Amino acid sequence: MKIVIRPERKEDFEKITEVNDQAFGQPEEGNLIINLRKTTDFNANLSLVAVDVDNAKTVGHILFYPIKIKSDDSEFQTLALAPMSVLPEFQRKMIGSKMVTEGLTMAKNQGYKSVIVLGHVDFYPRFGFQPASRWGINCPFEVTNEAFMALELVEKELDRTEGVVVYPKEFDDV
Ligand SMILES: CC(C)(COP(=O)(O)OP(=O)(O)OC[C@H]1O[C@@H](n2cnc3c(N)ncnc32)[C@H](O)[C@@H]1OP(=O)(O)O)[C@@H](O)C(=O)NCCC(=O)NCCS
């Protein structure tokens with residue numbers, strides 16, 4: 001199976017919703033992407049699809065959405081890795097890992113310096129994510145410490161960062 005990871009195009013929009021609906025078994029994440037796409041901060045170059053090229057089938061999607069980490073006297077630009085999804089019948093074939101790895105490289109190449117994720121504690125650490133609390137970075141709502149993670153794309157970038165992650169209101173519905 002040859003999988004290519006590339007930025008979304010307009011003709012991918014419906015398939016991205018379908019992949020999310022099937023992976024999560026609910027419409028909230030697909031709708032979140034539709035709503036975030038309408039915001040000015042949305043970066044289509046970091047809304048990536050995984051395509052099975054032999055069958056021209058969209059099998060996965062990952063979004064890196066620009067957000068901020070704020071404290072009383074500072075504000076840092078970062079990215080939220082959310083949501084990500086692979087069609088159920090294509091899971092555990094390393095497609096998710098390929099989307100994360102190539103997505104992180106694309107994000108770094110576009111000048112981003114760090115990424116935040118709230119998610120599976122047995123999945124994201126394999127890419128270098130560590131509990132965000134290590135850097136004094138907190139989630140705006142209650143989560144388990146290990147599940148709220150951060151990754152430096154530029155070494156030591158997060159050493160000068162602390163505060164609370166601010167998600168856009170569109171995330172409230174998920
Ligand atoms: C999480 C997900 C994107 C991973 O994609 P993938 O292509 O299956 O991932 P890979 O094959 O690269 O890696 C497999 C790893 O993903 C994790 N994983 C896969 N399916 C999982 C599931 N249903 N629950 C928890 N972890 C899962 C496991 O850590 C697995 O590692 P293992 O095989 O060593 O146990 C995919 O399983 C998915 O779409 N899940 C449903 C939606 C979801 O939970 N999204 C993430 C929100 S944080």
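Just so it is clear, the structure is predicted and the values come from calculations on it, not from any experiment. Both counts, for ligands and for their atoms, begin at 1 and track the order of listing.
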Inset, instruction - Using the six-membered ring wherever Trp is involved, compare the ring planes of Tyr65 and Phe42 and label them parallel, tilted or perpendicular (cut-offs 30° and 60°). - result: tilted
Inset, instruction - State, without any angle test, whether Ser71 and Asp73 hold a side-chain donor-acceptor pair at a distance under 3.5 Å. - result: yes
Legend entry - Close-contact set for ligand 1 against Gly96 heavy atoms, below 4.0 Å: 5 (O), 6 (P), 7 (O), 9 (O), 12 (O)
Inset, instruction - Provide, to 0.1 Å, the distance between atom 29 (O) of ligand 1 and the closest protein heavy atom, together with that atom's residue and name. - result: Arg126 NH2, 3.2 Å
Inset, instruction - Evaluate the criterion side chain to side chain donor-acceptor pair (under 3.5 Å) for residue pair Asn138 and Glu162; output intermediate values, then yes/no. - result: CA-CA 8 Å; Asn138 298 309; Glu162 62 173 344; over 6 Å; no
Legend entry - hydrophobic_cluster_shared for Val165 and Phe141, side chain cutoff 4.5 Å: yes
Legend entry - Aromatic plane relationship, His120 with Tyr124 - under 30° parallel, 30 to 60° tilted, over 60° perpendicular: parallel
Inset, instruction - Give the residue, atom name and distance (to 0.1 Å) of the protein heavy atom nearest atom 23 (N) of ligand 1. - result: Gln91 OE1, 4.3 Å
Inset, instruction - Spell out, yes or no, whether Phe148 and Leu79 are grouped together once hydrophobic residues are joined by side-chain heavy atoms under 4.5 Å, including indirect joins. - result: no
Inset, instruction - Compute the shortest N/O to N/O distance between Tyr124 and ligand 1 and return yes if it is under 3.5 Å, no if not. - result: no
Inset, instruction - Specify the protein heavy atom at minimum distance from atom 20 (N) of ligand 1: its residue, its atom name, and the distance to 0.1 Å. - result: Arg92 NH1, 3.4 Å
Inset, instruction - Check the surroundings of atom CD in Glu14: do more than 12 heavy atoms from other residues, nucleotides or ligands lie under 6.0 Å from it? - result: no
Inset, instruction - Show which atoms of ligand 1 fall inside a sub-4.0 Å distance from at least one heavy-atom site of Gly119. - result: 48 (S)
Legend entry - Contact check, side chains of Leu36 and Phe171, non-hydrogen atoms, under 4.5 Å: yes
Legend entry - Heavy-atom nearest neighbour in the protein, as seen from atom 26 (N) of ligand 1, with distance rounded to 0.1 Å: His120 CD2, 3.8 Å
Legend entry - Any N or O of Leu118 closer than 3.5 Å to N or O of ligand 1: no
Legend entry - Within-shell test, Pro83 vs ligand 1, heavy atom, strictly < 4.0 Å: no
Inset, instruction - Return yes when Glu29 approaches ligand 1 closer than 4.0 angstrom through a heavy atom, no otherwise. - result: no
Inset, instruction - Enumerate the atoms of ligand 1 whose separation from the nearest heavy atom of Ser85 is less than 4.0 angstrom. - result: 39 (O)
Inset, instruction - Count the heavy atoms of every other residue, nucleotide or ligand shown that sit under 6.0 Å from CD of Glu11, and state whether that count exceeds 12. - result: yes
Inset, instruction - Indicate whether the side chain of Glu157 and that of Ser114 have a donor and an acceptor atom separated by less than 3.5 Å. - result: no
Inset, instruction - Indicate yes or no: does an N/O atom of Met84 lie under 3.5 Å from an N/O atom of ligand 1? - result: yes
Inset, instruction - Consider every N or O of Lys93 and every N or O of ligand 1, then say whether any pair is closer than 3.5 Å. - result: yes
Inset, instruction - Using a strict cut-off of 4.0 Å, indicate which atoms of ligand 1 neighbour a heavy atom of Met94. - result: 10 (P), 11 (O), 12 (O)
Legend entry - Leu153 reachable from Met84 in the ILVMFWY side-chain graph, under 4.5 Å edges: yes
Legend entry - Shortest non-hydrogen contact from Leu158 toward Ala150: CD1-CB, 3.8 Å
Legend entry - Nearest protein heavy atom with distance in Å, relative to atom 13 (O) of ligand 1: Phe123 CE1, 3.4 Å
Inset, instruction - Could you see which bit of Lys98 sits under 4.0 Å from ligand 1, with heavy atoms only: side chain, backbone, both or neither? - result: neither
Inset, instruction - May I ask you to identify the nearest protein heavy atom to atom 12 (O) of ligand 1, giving residue, atom name and distance to one decimal place in Å? - result: Ser97 OG, 2.5 Å
Legend entry - Residue, atom name and distance, where the atom is the protein heavy atom closest to atom 39 (O) of ligand 1: Val86 N, 2.8 Å
Inset, instruction - Looking only at protein heavy atoms, identify the closest one to atom 43 (C) of ligand 1 and say how far it is in Å. - result: Phe24 CE2, 3.5 Å
